[in-house]
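For reference, the structure discussed in these notes is given below.
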Amino acid sequence: MKNNYKNHVPGVYIVGAGPGDPDLLTIKAQKLIRQADVILFADSLIPLEILDCCRYDAEILRTASETLETILPIMIDRVNRGQIVVRLHSGDPSLYSAIYEQMQLLAEANIPFEVIPGISAYQAAAAKLKVELTVPGLVQTIILTRISGRTQVPATEELASLAAHRASLCLYLSAKHVDIAQAKLMEHYPPHTPVAVCFRIGWEDEKIEVLPLKGMAEYSHQQKLLRTTLYIISPALANQTLTEQKEQQELRSRLYHPDHTRLFRDIQE
Ligand SMILES: C[S@@+](CC[C@H](N)C(=O)[O-])C[C@H]1O[C@@H](n2cnc3c(N)ncnc32)[C@H](O)[C@@H]1O
């Protein structure tokens, strides 16, 4: 049997840990967690179970209350000692993970690093909801964004201007500003547009509720949602009546339609 086990070399591995459910780790992430000499993780965003497969003698460092200034020298020191350092980030590291500064400083210090993708919260949420966020004839674009908080969003990406597209919009890091978010979204989305309010997907206390956009802020306040909440605003979330389902069948993806020839596929792609 082919041995797929690959030994990793010393360095920093910036690993996407997914939204919370350990079964959603990639195989590569699992291999790295198993091999790591050192694992750094923000305990507020990553459940301990993710570390179930780590070595009993691995050095585990919680970083929720640390800064880059305190974390970075540790990573550099351990790699210089020939160790494998795994830096876990929730979801996928390409989204709101503040890895940019980390990678710059590691490069300046000549520390080799690699980035391992993970499943982002929006993907896990869509799977839980059993929805496709790009339904032919209805919506073909997904926007991943946030509202301004401590981090300012550039004026050209203002939420109301993105709402004008009426795409499937996945709103991260915005629960604390949900009133403003709702008002901006309602400048363009009809008030009954469905919103999935997704709290701690993949954790034991996960909560998912689909409701009309006009009730998004009120529900969030009722549930005291302040963090680890993702909002998905999308016409694709609409509960389909039988008539709608029939219409949907007509709209079904041309890609898998029996009449759809290979040539047609190539043109479409
Ligand atoms: C610092 S960002 C990290 C995003 C992460 N890199 C990702 O790809 O999902 C944290 C925000 O992501 C969203 N988020 C992350 N994990 C989540 C989860 N398990 N359930 C719901 N939202 C989550 C929330 O909007 C939260 O405020």
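Indexing begins at 1, ligand by ligand and atom by atom, following the structure's order.
- Of all atoms in ligand 1, numbered sequentially from 1 with element shown, those under 4.0 Å from a heavy atom of Ser120 are 7 (C), 8 (O), 9 (O).
- Below 4.0 Å from some heavy atom of Thr229 lie the following atoms of ligand 1, by number and element: 22 (N), 24 (C), 25 (O).
- Using a 4.5 Å heavy-atom threshold, the side chains of Leu95 and Leu144 count as touching.
- Taking 4.5 Å as the limit, some side-chain heavy atom of Pro47 sits within range of a side-chain heavy atom of Trp203.
- Proximity to Leu230 (heavy-atom distance under 4.0 Å) selects the following atoms of ligand 1: 21 (C), 22 (N).
- The protein non-hydrogen atom at the shortest distance from atom 16 (N) of ligand 1 is Ala121 CB, 3.9 Å.
- Between Gly91 and ligand 1, a contact under 3.5 Å exists for no N or O pair.
- In terms of protein heavy-atom proximity, atom 26 (C) of ligand 1 is nearest to Thr228 CA, 3.9 Å.
- In this structure, Ser168 contributes its side chain and Leu133 its backbone to a donor-acceptor pair below 3.5 Å.
- Two residues are said to be in side-chain contact when any heavy atoms from C-beta on lie closer than 4.5 Å; Ile60 and Leu40 fail this criterion.
- Taking Phe199 as the reference, nothing meets the ring pair (Phe, Tyr, Trp, His ring centres under 6.0 Å) condition, with sequence neighbours excluded.
- Electrostatic pairing of Asp37 and Arg55 counts as a salt bridge here, judged by a charged N lying under 4.0 Å from a carboxylate O.
- Nearest protein heavy-atom contact of atom 20 (N) of ligand 1 is Ile201 N, 2.8 Å.
- Checking only distances, Gly20 never comes within under 3.5 Å of ligand 1, N or O to N or O.
- In this structure a side-chain-to-backbone donor-acceptor pair under 3.5 Å is missing from Ser94 to Asp92.
- Ligand 1 is approached by Arg200 to a heavy-atom distance shorter than 4.0 Å.
- Looking at ligand 1, you'll find an N or O of Asp92 within less than 3.5 Å of one of its N or O atoms.
- Residue Ser90 places a heavy atom under 4.0 Å from ligand 1.
- Checking only distances, Pro93 never comes within under 3.5 Å of ligand 1, N or O to N or O.
- With Thr26 contributing its side chain and Ala29 its backbone, the two residues share a donor-acceptor pair below 3.5 Å.
- For atom 10 (C) of ligand 1, the nearest protein heavy atom (residue, atom name, distance) is Leu173 CD2, 3.9 Å.
- Counting heavy atoms from C-beta outward, Tyr122 and Tyr172 have side chains that approach closer than 4.5 Å.
- Polar contact with ligand 1: present for Pro19 (N/O pair, distance under 3.5 Å).
- Of all the atoms in ligand 1, the ones that sit under 4.0 Å from a non-hydrogen atom of Ser97 are 6 (N).
- In terms of protein heavy-atom proximity, atom 4 (C) of ligand 1 is nearest to Leu95 O, 3.6 Å.
- Atom CD1 of residue Ile50 and atom CG of residue Leu88 lie 7.5 Å apart, to the nearest 0.5 angstrom.
- Considering only non-hydrogen protein atoms, atom 13 (C) of ligand 1 sits nearest to Tyr172 CD2, 3.6 Å.
- Among the atoms of Tyr96, none of the N or O lies under 3.5 angstrom from an N or O of ligand 1.
- Which parts of ligand 1 touch Cys198 is read off a 4.0 Å heavy-atom cut-off, strictly below it: atoms 21 (C).
- Remark: Ile142 CD1 to Gln140 CD distance equals 9.5 Å, nearest 0.5 Å.
- Side-chain atoms of Leu171 and Leu230, non-hydrogen and from C-beta on, never get closer than 4.5 Å to each other.
- Taking only nitrogen or oxygen atoms, main chain and side chain alike, Leu45 does not reach within less than 3.5 Å of ligand 1.
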